[in-house]
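Working notes, beginning with the structure itself.
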Amino acid sequence: MQITANALCVFKGETIIERVIYGDVLMVINFSMDFLALYITAKIMHVKLINYKITISAAIGALYSLFILGFNINDSLTMILSLILSFVLTITAYGKQNIKSLIKNTAVFYLVNFSLGGGITAICNLLNVWQSKRNIMINGTYDVLYGDLPFGLLVLIGLFCGIFSLVSGKIVKRKTAEKISELKVTLNKTQITFEALVDSGNLLKEPISGKPVIVATFESVRKIIPVELFGLFKNKDTAVIEKSPYSSRIRLIPASTVNSKGLLFAFLPDSIALDNVEIDAYLAITNDIDSFGGYPAIVPNEITQ
């Protein structure tokens, strides 16, 4: 789908450059960039990835790029529409979010997009130094016309910039808002030890006592879970509670994430230690393994303060 045509021609002694833009190529490029930026943002912000939602969101971004190209819209209106679209893309990709999370996710999405675009442009400009080039006269002044970079090389550059954005974003976020600690949980003289993510994003509390709640994956703590409670924590079978000697230790914890709201079942172990310091907290169990940035548990930041 050709929108304009690339041409280098001479009219009455003047050199005229006409830029060529193909609509289908533009959409593919923008789709790829938006998809990669949304994916990296989700990884940085620990948002659950749902592939079809990110695909739909990136497709909307690609269609928008074609819309902007096809209509003569002034810069101010384009800026406003682009800002609105950014919120639309993050909502579409990550689902329902509170205002704070929406603003954070959209801001990171913007930064990742700028990082990808700027990185690709910088590397392409650097590589063009060694590309075939020739001087041409444009409106009485000389300019440099570079040769095209191979498509495969552009793909590799994009992947490199994407990986760099993902890694650097994770490092920055972890250094500024999170830390990793050693968690020890004991029940019935059985102790397990594993790394946990300490994050200010975990604000869960047990409703009655007000004690903080640590959330851990089922697989990470299954060795200490009594057999009779497997059905409760694995399949949310509440019928097993009244038959268990641990029923007085079990609590129901209201929880909400960027994508949904729900209930978690938690229990009070014999002891919990964070970096060898005893803490008083409940341990909630989840089967969602994609919520803690690769770590099996998330600890409220207030516990360490």
Side-chain angles (χ1 to χ4, degrees), residues 40-49 90 94-109 111-112 166-187 191-221 224 233 249 251-305:
I40 292 172
T41 300
K43 287 296 184 180
I44 292 174
M45 300 302 291
H46 300 150
V47 179
K48 186 175 181 180
L49 286 167
T90 50
Y94 310 134
K96 185 179 179 181
Q97 307 157 63
N98 57 47
I99 297 297
K100 184 178 180 180
S101 296
L102 177 61
I103 293 174
K104 281 184 176 181
N105 291 335
T106 303
V108 173
F109 172 66
L111 291 175
V112 171
L166 175 59
V167 173
S168 59
K170 277 183 168 290
I171 291 173
V172 171
K173 186 172 188 292
R174 183 171 296 169
K175 292 295 184 181
T176 56
E178 307 163 350
K179 68 176 184 178
I180 310 304
S181 295
E182 183 184 71
L183 192 66
K184 294 181 180 179
V185 184
T186 305
L187 183 65
Q191 185 180 83
I192 56 174
T193 304
F194 51 91
E195 288 187 328
L197 181 69
V198 180
D199 192 350
S200 58
N202 181 359
L203 303 176
L204 295 181
K205 292 183 179 294
E206 196 278 317
I208 299 176
S209 64
K211 293 180 181 180
V213 177
I214 298 169
V215 184
T217 62
F218 178 82
E219 292 300 325
S220 67
V221 298
I224 64 168
F233 294 118
R249 298 191 185 193
R251 296 290 186 273
L252 197 58
I253 311 296
S256 62
T257 65
V258 172
N259 297 312
S260 62
K261 292 183 179 181
L263 298 171
L264 294 174
F265 287 99
F267 73 99
L268 192 64
D270 292 338
S271 67
I272 302 180
L274 187 68
D275 292 333
N276 295 317
V277 177
E278 292 285 332
I279 58 175
D280 189 14
Y282 277 86
L283 185 68
I285 312 297
T286 177
N287 289 309
D288 186 356
I289 62 174
D290 299 321
S291 301
F292 315 135
Y295 293 91
I298 184 169
V299 178
N301 188 56
E302 68 171 84
I303 291 180
T304 62
Q305 296 177 348

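Note that the coordinates shown come from a computational prediction; the quantities given were computed from them, not determined experimentally.
Within the 3.5 Å criterion, the main-chain N or O of Leu268 finds a donor-acceptor partner in the side chain of Arg249. Listed for the Asn202 side chain is no donor-acceptor partner under 3.5 Å among the backbone atoms of Ile214. Proximity of a side-chain donor or acceptor of Asn105 to a complementary backbone N or O of Thr90 within less than 3.5 Å is not detected. Not a single donor-acceptor pair under 3.5 Å links the side chain of Asn301 to the backbone N or O of Asp199.
Side-chain contact between Pro254 and Leu263 is present, with heavy atoms from C-beta onward closer than 4.5 Å.
Closest approach of Ser181 to Asp275, counting heavy atoms only: OG-OD2, 3.0 Å. Among all heavy-atom pairs drawn from Phe194 and Ala297, the shortest one is CE1-CB, 3.6 Å. Scanning both residues, Ile253 and Glu206, for their nearest heavy atoms gives CD1-CA, 3.8 Å. Residues Phe218 and Ile285 approach most closely at CA-CG2, 3.6 Å, considering heavy atoms. The two residues Pro296 and Ser220 come nearest to each other via the heavy atoms CB-CB, 3.5 Å.
Classified by interplanar angle (parallel below 30°, tilted 30° to 60°, perpendicular above 60°), the ring pair Phe233/Phe265 is perpendicular.
The number of heavy-atom neighbours closer than 6.0 Å to NZ of Lys205, taken from other residues, nucleotides and ligands shown, is above 12.
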message: For a side chain to side chain contact (heavy atoms under 4.5 Å, CB included) check, start with the C-alpha distance between Glu302 and Leu203, then their side-chain angles and the critical distance, and finish with the verdict.
response: CA-CA 8 Å; Glu302 68 171 84; Leu203 303 176; 5.8 Å; no

Working for side chain to side chain contact (heavy atoms under 4.5 Å, CB included), residues Tyr282 and Leu264: CA-CA 11 Å; Tyr282 277 86; Leu264 294 174; over 6 Å; no

